[in-house]
Amino acid sequence: MKPWLRRTHIILSIGGGFAGVALTLQAFFTTQNANSVLYAIIICFIALYSYGIIAGLRFTENEENKKSLIIFYWLQVPWISTPIIGYRFAAGFHVSCAMIGSEVSGFFRFGSDWNLNLFQAIPWGAGLNVFALAMAISLMKHQRKSLGETD
């Protein structure tokens with residue numbers, strides 16, 4: 001793997017995970033009078049970002065430890081919007097596009113963020129984090145090459 005790509009994966013996983021943990025912990029400690037479901041959701045996202053840090057550290061120690069990092073990227077790919085559940089999760093950087101309701105939405109952001117809506121009046125829609133998809137595919141492609149498979 002090219003050094004710049006390896007470093008990008010490391011920065012996105014460890015740096016993005018750390019930023020996500022820090023921002024989500026801030027939300028945890030500043031949220032007042034919330035119910036236990038909100039605290040449980042916040043703890044789940046802290047765990048997701050922590051998983052990214054661990055996946056990045058494992059990848060740093062051995063470039064062949066890609067599976068956890070690939071899973072971490074795939075968790076960032078979907079953007080779901082329904083009246084039952086809305087989900088978006090990103091670590092480090094994201095370029096996202098979606099069709100939400102009757103509008104095309106898209107944005108990019110440096111840093112980490114997440115959004116989870118349960119039983120809210122939000123429109124139907126779906127989208128994806130194009131950047132996370134590209135990063136997952138790049139790792140999967142490199143994994144196939146390291147296993148000796150060819151295109």
Side-chain angles (χ1 to χ4, degrees), residues 1-31 38-82 85-101 103-118 120 122-151:
M1 178 177 294
K2 296 189 185 301
W4 67 267
L5 183 58
R6 186 172 192 279
R7 289 181 189 122
T8 301
H9 287 298
I10 292 168
I11 290 168
L12 289 172
S13 58
I14 298 173
F18 180 79
V21 166
L23 293 170
T24 307
L25 276 174
Q26 181 182 8
F28 183 83
F29 289 117
T30 59
T31 301
L38 178 59
Y39 286 117
I41 290 169
I42 290 172
I43 289 169
C44 286
F45 279 96
I46 290 171
L48 279 175
Y49 285 120
S50 299
Y51 175 76
I53 294 168
I54 292 166
L57 289 172
R58 290 188 69 222
F59 180 72
T60 301
E61 292 169 357
N62 183 354
E63 193 175 304
E64 298 306 313
N65 288 330
K66 296 179 190 80
K67 186 176 181 181
S68 299
L69 197 52
I70 292 169
I71 292 168
F72 184 61
Y73 286 129
W74 279 109
L75 290 169
Q76 297 177 57
V77 171
W79 179 356
I80 301 166
S81 177
T82 72
I85 188 167
Y87 170 84
R88 190 183 77 238
F89 170 67
F93 179 74
H94 64 100
V95 177
S96 301
C97 61
M99 181 69 158
I100 307 290
E103 296 182 17
V104 175
S105 298
F107 60 96
F108 71 96
R109 179 172 294 156
F110 287 104
S112 301
D113 71 351
W114 60 269
N115 185 14
L116 183 70
N117 298 306
L118 297 173
Q120 300 290 316
I122 59 175
W124 287 87
L128 49 92
N129 179 343
V130 179
F131 186 76
L133 179 63
M135 297 308 284
I137 290 171
S138 77
L139 273 178
M140 291 167 60
K141 191 173 184 180
H142 186 268
Q143 186 173 26
R144 285 193 332 190
K145 285 182 183 176
S146 65
L147 294 174
E149 297 177 15
T150 58
D151 292 329

Which class fits the ring pair Phe107 and His94: parallel under 30°, tilted 30 to 60°, perpendicular over 60°?
perpendicular
Phe28 and Tyr39 aromatic ring geometry - parallel, tilted or perpendicular at 30°/60° bounds
perpendicular
Is any side-chain heavy atom of [X] less than 4.5 Å from a side-chain heavy atom of [Y]?
X: Leu75; Y: Leu48; answer: yes
X: Leu5; Y: His142; answer: no
X: Leu133; Y: Trp74; answer: yes
X: Ile100; Y: Ile122; answer: no
X: Phe93; Y: Val95; answer: yes
X: Asn117; Y: Ile85; answer: no
X: Leu139; Y: Phe59; answer: yes
X: Phe89; Y: Tyr49; answer: yes

Any donor-acceptor pair under 3.5 Å linking the side chain of [X] with the backbone of [Y]?
X: Ser112; Y: Gly16; result: yes
X: Gln76; Y: Ala91; result: yes
X: Arg58; Y: Lys66; result: no
X: Thr24; Y: Phe45; result: no
X: Glu103; Y: Gly101; result: no

Drop me the distance from [X]'s [atom1] to [Y]'s [atom2], to the nearest 0.5 angstrom.
X: Leu38; Y: Leu116; atom1: CG; atom2: CG; answer: 9.5 Å
X: Ile14; Y: Thr60; atom1: CD1; atom2: OG1; answer: 4.0 Å
X: Ile53; Y: Ser13; atom1: CD1; atom2: OG; answer: 9.0 Å
X: Leu69; Y: Tyr51; atom1: CG; atom2: OH; answer: 8.5 Å
X: Ile43; Y: Ile46; atom1: CD1; atom2: CD1; answer: 6.5 Å
X: Ser68; Y: Leu57; atom1: OG; atom2: CG; answer: 11.0 Å

Quick note, salt bridge (Lys or Arg N to Asp or Glu O under 4.0 Å) partners involving residues 107-118, not counting sequence neighbours, are Arg88-Asp113, Arg109-Asp113
Arg6 atom CZ, neighbour heavy-atom count above 12 within 6.0 Å
yes
Using the ring-ring contact (aromatic ring centres under 6.0 Å, His included) criterion, which residues pair with Tyr87? Sequence neighbours excluded.
none
Kindly state whether the ring of His9 and the ring of Tyr73 have centres lying under 6.0 angstrom apart.
yes
Full working for side-chain contact (heavy atoms from CB on, under 4.5 Å) between Leu128 and Ser96
CA-CA 6 Å; Leu128 49 92; Ser96 301; over 6 Å; no
What are the two closest heavy atoms between Ala90 and Asn129, and how far apart are they?
CB-ND2, 4.1 Å
How close do Val21 and Ser50 get, heavy atom to heavy atom, and via which atoms?
CG2-OG, 3.8 Å
Is a donor from one side chain sitting under 3.5 angstrom from an acceptor on the other, for Ser81 and Trp124?
no
